[in-house]
Colleague: 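One structure, pasted below without further comment.
These values consider heavy atoms only, across backbone and side chains, with no hydrogens, waters or symmetry-generated copies.
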Amino acid sequence: MSELSAEITQFLYLEARLLDDRCWDEWLACYHPKVEYWMPAWGDDDCLTSDPHTELSLIYYPARDGLEDRVYRIKTERSAASTPEPRTTHMLSNIELNNATEDSCEVRYNWCTFSHRYQASDHYFGHTCCELVKTDDRWQIRRKKIQLNNDYINQVIDIYHI
């Protein structure tokens, strides 16, 4: 594994761990202020929606302030739907780098999240495509598109599930 590949992989592991540990402010710092964070919905069984402005999305934030609002609601408990599970584990695999340079990279990886609450365990899985940029000697996510493959779930999906 190249040094750049190892560095980016460690960054992705850090972002996942910060969600597990509920380190919300540190997690937000992983995101560029102009990040596009998007999880399209399935239009049917094998076709995702393709435009967050005209079609349904499970989550869409055109900039980091939308993520900041989610975190504010989670931290202040101002939304009953925003109660992270106390036991969460994010697992990443098959991390692939494309068009990598010293200050930008496109990444695709698979993920699975396990959570436990009220004596029940749930899991979510899919893959993510990201554009990473290096800002002030640290990586940040500039664009994130999340494909949730098991979208028939019993609750509202939120940032800590994926």
Colleague: Counting C-beta onward and ignoring hydrogens, is there a side-chain heavy-atom pair between Glu68 and Leu28 closer than 4.5 Å?
Modeller: yes
Colleague: Measure the spacing between OG of Ser57 and NZ of Lys145 and express it to the nearest 0.5 Å.
Modeller: 9.5 Å
Colleague: For the residue pair Cys105 and Leu97, what are the closest heavy atoms and their distance?
Modeller: SG-CG, 3.6 Å
Colleague: What's the separation between atom CD1 in Ile146 and atom OG1 in Thr128, rounded to the nearest 0.5 Å?
Modeller: 5.0 Å
Colleague: By salt bridge (charged side-chain N to carboxylate O under 4.0 Å, His left out), which residues pair with Asp69, not counting sequence neighbours?
Modeller: Arg73
Colleague: Given side chains that start at C-beta, do those of Ile8 and Val107 come closer than 4.5 Å, heavy atoms only?
Modeller: yes
Colleague: Is the ring pair Trp27/Trp24 parallel, tilted or perpendicular, if the boundaries are 30 and 60 degrees?
Modeller: perpendicular
Colleague: What residues, two or more places apart in sequence or in another chain, satisfy side-chain hydrogen bond (donor to acceptor under 3.5 Å, both in side chains) together with Glu96?
Modeller: none
Colleague: Looking at CG of Leu92 and OG1 of Thr9, how far apart are the two atoms once the value is rounded to the nearest 0.5 Å?
Modeller: 9.0 Å
Colleague: Within the 4.5 Å heavy-atom criterion, are Tyr109 and Cys129 side-chain neighbours or not?
Modeller: no
Colleague: Looking at Leu148 and Tyr124, what are the two nearest heavy atoms and their distance?
Modeller: CD1-CB, 4.0 Å
Colleague: Does the side chain of His90 pick up a donor-acceptor pair with the side chain of Asp20 at under 3.5 Å?
Modeller: yes
Colleague: Got a salt bridge between Glu7 and Lys134, using NZ or NE/NH1/NH2 to carboxylate O under 4.0 Å?
Modeller: yes
Colleague: I need the Leu132 CG to Glu106 CD distance, nearest 0.5 Å.
Modeller: 9.5 Å
Colleague: Check for me, please, whether Val71 and Trp38 land in the same ILVMFWY cluster - side-chain distances under 4.5 Å, paths through other members count.
Modeller: no
Colleague: Could you tell me whether the side chain of Gln10 and the main chain of Ala6 form a donor-acceptor pair under 3.5 Å?
Modeller: no
Colleague: Using the ring-ring contact (aromatic ring centres under 6.0 Å, His included) criterion, which residues pair with Tyr61? Sequence neighbours excluded.
Modeller: none
Colleague: My understanding is that only residues two or more places apart in sequence, or in another chain, count here; which of them pass salt bridge (charged side-chain N to carboxylate O under 4.0 Å, His left out) with Asp65?
Modeller: none
Colleague: Enter the distance from Arg17:CZ to Leu12:CG here, rounded to the nearest 0.5 Å.
Modeller: 13.5 Å
Colleague: Under 3.5 Å, is there a donor-acceptor pair linking the side chains of Ser104 and Glu131?
Modeller: no
Colleague: In chain order, what residues pass the side-chain hydrogen bond (donor to acceptor under 3.5 Å, both in side chains) check against Asn98, with sequence neighbours excluded?
Modeller: none
Colleague: Are Thr88 and Phe114 close enough, and set up right, to give a side chain to side chain contact (heavy atoms under 4.5 Å, CB included), and what steps lead you there?
Modeller: CA-CA 6 Å; Thr88 303; Phe114 300 94; over 6 Å; no
Colleague: Check for a donor-acceptor pair, side chain of Arg138 on one end and backbone N or O of Ala29 on the other, with a separation under 3.5 Å.
Modeller: yes
Colleague: Apply side chain to side chain contact (heavy atoms under 4.5 Å, CB included) to residues His123 and Asn150 and explain how you reach the verdict.
Modeller: CA-CA 9 Å; His123 68 281; Asn150 62 326; 4.1 Å; yes
Colleague: For residues 30-37, please give each side-chain donor-acceptor pair under 3.5 Å, one per line with the distance, not counting sequence neighbours.
Modeller:
| residue | atom | partner | partner atom | Å |
| --- | --- | --- | --- | --- |
| Tyr31 | OH | Glu15 | OE2 | 2.4 |
| Tyr31 | OH | Lys144 | NZ | 2.9 |
| His32 | ND1 | Lys34 | N | 3.0 |
| Glu36 | OE2 | Tyr60 | OH | 3.1 |

Colleague: For Asn94 and Trp111, what are the C-alpha separation, side-chain angles and deciding distance, and is it a side chain to side chain contact (heavy atoms under 4.5 Å, CB included)?
Modeller: CA-CA 9 Å; Asn94 298 57; Trp111 56 269; over 6 Å; no
